[in-house]
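Below, read A as the first sequence line, B as the second, and so on, with proteins coming before strands; counting in each chain starts at 1. Here the structure is a predicted model, which means the values were calculated and not measured.
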Protein chains: 2
Amino acid sequence: MMDFKEGKQKFIESWGKMASDWGINRTMAQVHALLLIAAEPLTADEVMSELDISRGNANMNIRALMDWGLVHKQLRTGERKEYFYAEKDMWVVVRQIILNRKKRELEPMLKVLEEISGVENNCPESESFCTVVRDIRKFSNKANQTLDALVKADATWLSNPLFSLLR
Amino acid sequence: MMDFKEGKQKFIESWGKMASDWGINRTMAQVHALLLIAAEPLTADEVMSELDISRGNANMNIRALMDWGLVHKQLRTGERKEYFYAEKDMWVVVRQIILNRKKRELEPMLKVLEEISGVENNCPESESFCTVVRDIRKFSNKANQTLDALVKADATWLSNPLFSLLR
DNA sequence: CAGAATTTTCAAATACTTTTGAAAACAAAA
DNA sequence: TTTTGTTTTCAAAAGTATTTGAAAATTCTG
């Protein structure tokens, strides 16, 4: 049976790997992983020593995770240090990630698609262009709507019969 | 009304931007965008001059797009040059992307989760670890199943009543 | 087969991203 | 207010990823 320390390392490592495949800073994901599995909130110093990263790096990535709404600060009366803990409900985690990426990436793309869906169409090249842009726009709008629905839905969605109907 | 050339530039640029946000080489996405909107298959030389990139770069990215199953080669009898065209059915495009990323990223993660779901659990730290790993594993398995279903479903899925029921 | 056209490779150069660490800013305590 | 503990900032360094371009390999043609 694998021991805890080894499992922890593996988890942090592959969470980081996966994130960097998806265009997210590897260290940010590792900090996230560390806080996800922590039994108690951690200080910046604990994050630094656990992951063997600098103070600046720890600070910047904890901050980014808070911007994403995945990590929160805990202040303890009588203590100067700040403690950090991750949101552990996977449904909330995924919802936050969807919300963030949708806003930062999908929505700007939709805006561009809308802008360029009005190009003048008077040659075979622009014909082909317009057709593809129209299709992508239709598709993206649908995806956008579905994500909205997903985000509005609550945690029970995963066990919703509708979900299994899709199989 | 926006002119074709400007629209084309904007499209290529934002397709590349979006892709790089998602951990995909920007130039690869730009080549993809160019081929997506092209009325006819293009040669490597045309890709090079349209995007102003080197021969090696064009070759490597066209190749990668073929590996992803998003671009195909067309050979013309009596011509030495190779022509390339993109799959334009958005449903097929998205399906290919899902298939590729699922295989390269989600599946390895699932494997790791399975491995580490058997860590010994005998302290508060490992307790917290096991709980989170179990939740993530449950969630990822569900996501994996849903993606499988999505990929198996056909193009009509998007207009399937089930889809709108999710709203 | 030799020559010409074309594609592929890959080491080096360039560009981009992340990390460090020390100094500055800040905030609580004395 | 001064000291002390803590967080934040950011320029420079280190680390990664991408691009180039010329040489090698491949493939077609005569």
Parallel, tilted or perpendicular: ring planes of B/F4 versus A/F129, cut at 30 and 60 degrees: perpendicular
Starting at [atom1] of [X] and ending at [atom2] of [N], how long is that distance when rounded to a whole Å?
X: B/I62; N: C/dT7; atom1: CD1; atom2: P; answer: 9 Å
X: B/R55; N: D/dT19; atom1: CZ; atom2: C1'; answer: 15 Å
X: A/K81; N: D/dT8; atom1: NZ; atom2: P; answer: 13 Å
X: B/D67; N: C/dT8; atom1: CG; atom2: P; answer: 11 Å
X: B/I24; N: D/dA17; atom1: CD1; atom2: P; answer: 15 Å
X: B/N61; N: C/dT8; atom1: CG; atom2: P; answer: 13 Å
X: A/N25; N: D/dA14; atom1: CG; atom2: P; answer: 19 Å
X: A/E82; N: C/dA28; atom1: CD; atom2: P; answer: 10 Å

Side-chain N,O (A/T27) to OP1/OP2 (C/dT18) below 4.0 Å: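 Answer is no, no contact under 4.0 Å.
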Residue-phosphate contact under 4.0 Å: B/R63 side-chain N/O, C/dT8 OP1/OP2: yes
Side chain of [X] (C-beta onward), nearest among [options]:
X: B/M60; options: C/dT18, D/dT7, D/dT19; result: D/dT19
X: B/S54; options: D/dG21, C/dT19, C/dT9; result: D/dG21
X: A/A44; options: D/dT18, C/dT19, D/dT7; result: D/dT7
X: A/N57; options: C/dT8, C/dT19, D/dT19; result: C/dT19
X: B/N59; options: D/dT18, C/dT8, D/dT20; result: C/dT8
X: B/R80; options: C/dA27, D/dT29, C/dT18; result: D/dT29

Residue whose nearest DNA chain C nucleotide is more 5′ - A/D52 or B/D45: B/D45
Residue whose closest nucleotide on DNA chain C lies nearer the 5' end, A/I53 versus A/E79: A/I53
Side-chain donor-acceptor pair present, B/K8, A/S126, cut-off under 3.5 Å: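 Judged by distance alone, the side chains do not pair up.
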Sugar-phosphate, base or nothing in reach of B/R26, heavy atoms under 4.0 Å: nothing
Non-hydrogen side-chain atoms of B/R101 and B/I24 separated by less than 4.5 Å: yes
Derivation and outcome, side-chain hydrogen bond (donor to acceptor under 3.5 Å, both in side chains), residues A/W68 and A/Q96: CA-CA 7 Å; A/W68 277 65; A/Q96 283 298 28; over 6 Å; no
Ring pair (Phe, Tyr, Trp, His ring centres under 6.0 Å) assessment of A/Y85 paired with A/H72: CA-CA 6 Å; A/Y85 63 96; A/H72 306 282; 5.7 Å; yes
